[in-house]
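Keep in mind the model is a prediction, meaning the values are calculated, not measured. Residue numbers count from 1 along this sequence.
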Amino acid sequence: MKPTIEIDRYVFGFSQLDHIADLDGSVIIPNGMIDMMFCKTLNGKFMVGLIGLETQPKLIPVQSIERFFCVSFKPLGLDYILKKSIADLVNGGMHLPMDFWNINEDNLADFNSFCHQITEKIKALIPQKLDERKVELFNYIYKNKGEVSIHELSEKIFWSERQINRYFKQLLGISLKSYCNILRFQASLKHIKDGELYPQLNYTDQSHFIKEIKKLSGVSPKVLFKNPDHRFLQFLVFDKD
């Protein structure tokens, strides 16, 4: 489910996944977002976790989870709503307190109600003042699907290249270039889903395109398009208004 306009600067979206044991062998691929998950296990336990940025494909951790609801944050949500660095969580995660934001197992009964409750919590945490350089930085990156250089950004928002890279490293644990490569990869998925197995964005050539897709998904564009055994979950996702 997409976020409301009041919080879309901070949140990419909400998702629900059930019957996770049936997804054995499924692959999670990087999307440039930070996931906060509220999980119910098969033995009735409740867990809350924060997942750092993924920079490589990984098998979904099936474990004993029966259901989870997820809030996918954009970096500004991490910075201003969660007020936390995830530099140490690249390709990893951490547990959060079980009473985080007063969400409990009962809240996992209804997805719409969960999204509403989280939305209201985030709205209450939005600060009155933001660093406009950060806002403009991410607006520009998203608008251009990651096809930007640090020099271009520096001139656009009047923030030094050194400070921009330091901000990314301290907040997310990766460089601006690495983050932009993930966004460009994500933008390529739509074209690959449509069977366009050649560069649509500013990859140098077909060889560079295939190399970058393999780096972040583990397979070639051709295999991604076929999505054997429905392994790649993002090719099955749909938005709910």
Side-chain angles (χ1 to χ4, degrees), residues 3 6-15 28-38 47-58 61 70-97 100-101 118-119 121-187 201-202 212 215-217:
E6 298 99 327
I7 67 168
D8 66 357
R9 177 177 286 173
Y10 309 97
V11 173
F12 174 74
F14 302 90
S15 55
I28 299 171
I29 50 182
N31 67 356
M33 304 302 159
I34 302 96
D35 292 335
M36 185 166 68
M37 299 194 303
F38 299 83
M47 300 187 301
V48 185
L50 185 67
I51 310 300
L53 286 182
E54 307 290 350
T55 63
Q56 58 194 25
K58 71 175 185 181
C70 176
V71 189
S72 294
F73 287 95
K74 296 177 180 178
L76 283 181
L78 179 68
D79 195 350
Y80 286 105
I81 303 301
L82 297 178
K83 298 180 180 179
K84 181 175 181 59
S85 165
I86 55 163
D88 295 333
L89 301 182
V90 176
N91 296 313
M94 64 176 291
H95 288 287
L96 294 175
F100 191 82
W101 284 2
I118 294 291
T119 296
K121 178 64 177 180
I122 292 173
K123 285 165 60 177
L125 292 173
I126 293 175
Q128 292 184 349
K129 186 173 179 58
L130 305 178
D131 185 332
E132 289 302 321
R133 295 174 306 177
K134 296 177 181 179
V135 174
E136 191 170 358
L137 181 149
F138 286 110
N139 284 343
Y140 195 70
I141 290 174
Y142 294 143
K143 178 182 177 181
N144 290 280
K145 301 180 174 67
E147 295 187 309
V148 297
S149 69
I150 189 166
H151 179 70
E152 180 183 352
L153 268 173
S154 178
E155 290 193 335
K156 176 75 176 177
I157 65 176
F158 304 106
W159 204 8
S160 76
E161 296 180 22
R162 181 167 161 272
Q163 288 174 318
I164 292 173
N165 256 331
R166 187 194 310 164
Y167 173 62
F168 270 82
K169 283 283 190 178
Q170 290 178 344
L171 182 69
L172 302 174
I174 64 175
S175 67
L176 166 71
K177 182 178 180 180
S178 296
Y179 187 75
C180 285
N181 284 343
I182 292 172
L183 295 187
R184 182 176 60 175
F185 163 72
Q186 278 293 313
L201 302 167
N202 69 347
E212 288 297 305
K215 178 181 177 181
L216 290 168
S217 71

NZ/Lys134: more than 12 non-hydrogen atoms of other groups inside 6.0 Å
yes
CG (Asp35) and SG (Cys70) are apart, to the nearest 0.5 Å, by 3.5 Å
When rounded to the nearest 0.5 Å, the distance separating CD of Glu161 from NE2 of His151 is 6.5 Å
Minimal heavy-atom distance between Ile126 and Glu6, with the atoms involved, is CD1-O, 3.6 Å
Exercise. Would you call the rings of Tyr167 and Trp159 parallel, tilted or perpendicular if under 30° counts as parallel and over 60° as perpendicular?
Worked result: tilted
- Message: Has Gln186 got a side-chain atom pairing as donor or acceptor with Pro30's backbone, closer than 3.5 angstrom?
- Response: yes
Checklist line | Over 12 non-hydrogen atoms of neighbours within 6.0 angstrom of CZ in Phe12 | finding: no
In Ile34, Leu50, Val11, Ile81, the residue satisfying side chain to side chain contact (heavy atoms under 4.5 Å, CB included) with Val71 is Val11
Closest non-hydrogen contact found for Ala87 with Gln170 is CB-O, 3.6 Å
message: Between Lys177 and Ile150 (side chain of the first, backbone of the second, donor and acceptor by atom type, cut-off under 3.5 Å), is there such a pair?
response: no
- Message: Angle between ring planes, Phe73 versus Trp101, binned at 30° and 60°: parallel, tilted or perpendicular?
- Response: perpendicular
Apply side-chain contact (heavy atoms from CB on, under 4.5 Å) to residues Leu78 and Leu172 and explain how you reach the verdict. CA-CA 9 Å; Leu78 179 68; Leu172 302 174; 3.7 Å; yes
query: Are Ile51 and Met37 close enough that some pair of their side-chain heavy atoms sits under 4.5 Å apart?
result: yes
Looking at Met33, is its backbone amide N or carbonyl O close enough to the side chain of Asn31 to form a donor-acceptor pair, meaning the two atoms are under 3.5 Å apart? yes
Mind telling me whether Phe168 and Phe138 have parallel, tilted or perpendicular rings, with 30° and 60° as the class edges? tilted
Output for pair (Ile157 CD1, Glu132 CD), nearest 0.5 Å, gives 11.0 Å
Got a donor-acceptor contact below 3.5 angstrom from the Tyr179 side chain to the Ile174 backbone? no
Should Glu152 and Tyr140 count as side-chain neighbours, where that means a heavy-atom distance under 4.5 Å?
-> yes
In short, Met36 meets Phe100 closest at the heavy-atom pair SD-CE2, 3.3 Å
| query | Do the non-hydrogen side-chain atoms of Leu216 and Ile182 ever get within less than 4.5 Å of each other? | reply | yes
Rounded to the nearest 0.5 angstrom, the NZ-CD1 distance for Lys156 and Ile141 is 12.5 Å
Note to self: Test your reading of the model: is there a side-chain donor-acceptor pair from Asp79 to the backbone of Pro75, 3.5 Å cut-off?
What the structure shows: no
The reported gap from CG in Leu137 to OH in Tyr142 (rounded to nearest 0.5 angstrom) is 9.0 Å
Here the gap from Arg166 atom CZ to Leu176 atom CG, rounded to the nearest 0.5 Å, amounts to 14.5 Å
Asn165 and Ser175: side-chain donor and acceptor closer than 3.5 Å?
no
